[in-house]
J.: 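Dropping the structure in here first, questions after.
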Amino acid sequence: MLKTIAEINDKIKKGEAVVVTAEEIIDITKKKGLAKVAEEVDVVTTGTFGPMCSSGAYFNIGHTKPKIKLGGGRVYLNDVPAYTGLAAVDIFLGATALPDDDPRNKIYPGEFRYGGGHVIEELVAGKDVRLTATAYGTDCYPKRKLESWVNLKDINEAVLFNVRNAYQNYNVAVNLSNRILYTYMGVLKPDLGNANYSSAGQLSPLLNDPFYKTIGIGTRIFLGGGIGYVAWHGTQHNPNVLRGDNGVPRRPAGTLAVIGDLKQMKPQWLVGTSFLGYGCTITVGIGVPIPILSEEILRYTLVTDADIFAPVVDYSEGYPQRKPDILAEVSYAELKSGSIKVQGKEVPTASLSSYPKAIEIANILKDWIKRGEFFLTEPVAPLPGVESGIIFKALEERPILEL
Amino acid sequence: MTVSKRIVLHFPPRIVDQPIVYRLVKDFDLQFNILKASVTPGREGILVMELTGGQRNYDQGIKYLTDTGVKIQALSQDVVRNEARCTHCGACITLCPTNAFSLEPGTRRVLFDHAKCVVCELCIKACPPRAMELYF
Ligand code: SF4
Ligand code: SF4
């Protein structure tokens, strides 16, 4: 029995599509069996809500009178610098950008209260944001200075464009040293004091489609509370990692680059985030629908937390020094039990990605599809898979010698 | 004049093992009533206590504590969770020394038991969306 995306969309239009979340599908299939469920269920929805640093947004803020060429100049939004190496009034704001006068880690650990991610959240919340800019002035763009309030509804384009989101699996971070560490995986207490992980596990988009059989370029998704698309594979996309018998990567693997209209997104799904001693970022909500086109695709969505394994990595030495050492492999079921065993020690666990919010996203997407507000798309090209031969490269430095 | 105040003491790891509270009694004639304690050798210790004694002795006792490196806060501060900002990630759970946070079984929502909080402030800056707020 094979279904097509067109057939599923027909059912969505008629309000007849059967949609369940990646959590619900597990029990449903246990009760009814693979063949029956593959026939009955049309879409499985996934979700994830976690800090995703390689995120940002580009804007076309509109022309001033007289005109100003921001390209090559300096632009700040609420004192957070935006990238200006584009045309006259196009700018890009990254989630990890910090105000020039933020003390960063000079007073260690830095607080990082406000950065690009917070500006994006405030814009999406409809708040006015202070734009300040200086330019060098040209014959066609004479204005050199700009200070103005801007609001998302008044600017031309506002597009969220995240070059790496939705990591397919991730490290569990621990600290073997005897001092506290402040990392992008949160505060790590000394001597294996805690273990932090960040994945929605059995609800996570790419863990439900481990070989990218349905998720590809052009896949329509839930992004930040609005509608977005998979634009490309994300940076550091690395399909060629160790995988379990079920095909699920046991290491950080695939990633997605995603894009969508910021104007229809919601602040509760794009949350400015601060990591003590590390920096600012944004917590992004993503939900991806998986069309149940075959039994094989259904089988992948049945993955449970007990079947997904993540590597435990030391962030005092192993991670910063790029050592390949892995202290242990643990399942998400173990991680969610509240503690794991590492080097014979019971280590309490905590998550950085929110499981309750991931469920909420999968349910919202489910409702959209059931109500006929969200249709599935056929990918226009697949994401690079295991056969792509992608090799994850590190930078082997070549010192620049002064002559 | 007798004073009685509720205070939070933060002990840096190097002095956790020293008999500091004992000296408060012996040298400064203060009475104490421990409300909450979280002390592990080699780690920062936290002690919430009610300290009672003559004003002069009390002030000298506090000075003695500060001199030894203990950080003192009044317990008039309060930590509140901004429910609208909390994403229920769980990053705070393993950081809180008094286990004020717990996971609701099933939903995996993060519960905050305000009564257990000793206002150590550890979670304030460690909460990624900064949902934990300190009030004076
Ligand atoms: S760390 Fe902050 S956002 Fe996360 S559960 Fe705790 S209070 Fe909520
Ligand atoms: S301030 Fe935060 S970490 Fe400290 S006791 Fe209260 S809830 Fe726990």
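On a predicted model such as this, the values are computed, not experimentally measured, just so you know. Letters A, B, ... are given to chains in the order of the sequence lines, protein chains preceding strands, and every chain is numbered from 1.
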J.: Please classify the contact between B:T107 and chain A as side chain, backbone, both or neither, with a heavy-atom cut-off of under 4.5 Å.
T.: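 Only the backbone of B:T107 comes within 4.5 Å of chain A.
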
J.: Does any heavy atom of chain B fall under 4.5 Å from the side chain of A:T349, the backbone, both, or neither of them?
T.: backbone

J.: Quick one: what part of A:P109 sits under 4.5 Å from any heavy atom of chain B, side chain, backbone, both or neither?
T.: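 For A:P109, no heavy atom lies under 4.5 Å from chain B.
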
J.: May I ask you to name which of B:E104, B:R109, B:R85 has the most heavy-atom pairs under 4.5 Å with chain A?
T.: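 Highest number of heavy-atom pairs under 4.5 Å: B:R85.
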
J.: Specify which of A:K336, A:M185, A:K189 makes the most heavy-atom pairs with chain B at under 4.5 Å.
T.: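 Option with the greatest count: A:K336.
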
J.: Checking ring pair (Phe, Tyr, Trp, His ring centres under 6.0 Å) for the pair A:Y182/A:Y278: CA distance, chi angles, key distance, verdict?
T.: CA-CA 6 Å; A:Y182 301 96; A:Y278 178 75; over 10 Å; no

J.: Please work out whether the ring planes of A:Y315 and A:Y319 are parallel, tilted or perpendicular, with thresholds of 30° and 60°.
T.: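 Parallel, since the angle between the ring planes stays under 30°.
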
J.: Between B:T52 and B:Q31, does any side-chain donor sit less than 3.5 Å from a side-chain acceptor?
T.: no

J.: Under a 4.0 Å N-O cut-off, is there an ion pair linking B:D67 with B:K63?
T.: yes

J.: Looking just at side-chain N and O atoms, do A:N165 and A:S55 make a donor-acceptor pair shorter than 3.5 Å?
T.: yes

J.: Under 3.5 Å, is there a donor on one side chain and an acceptor on the other for A:S337 and A:E334?
T.: no

J.: What part of A:T283 lies closer than 4.5 angstrom to a heavy atom of chain B: side chain, backbone, both or neither?
T.: neither

J.: Between B:Y22 and B:F32, does the ring pair (Phe, Tyr, Trp, His ring centres under 6.0 Å) criterion hold? Intermediate values first, please.
T.: CA-CA 10 Å; B:Y22 168 75; B:F32 67 92; 9.9 Å; no

J.: Of the backbone (N, CA, C, O) and the side chain (C-beta and beyond), which part of B:C127 lies under 4.5 Å from a heavy atom of chain A, both, or neither?
T.: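 For B:C127, backbone heavy atoms alone lie under 4.5 Å from chain A.
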
J.: Give, as side chain, backbone, both or neither, the part of A:Q268 having an atom under 4.5 angstrom from any heavy atom of chain B.
T.: neither

J.: Between B:R108 and chain A, with a heavy-atom cut-off of 4.5 Å, which part of the residue counts as in contact: side chain, backbone, both or neither?
T.: both

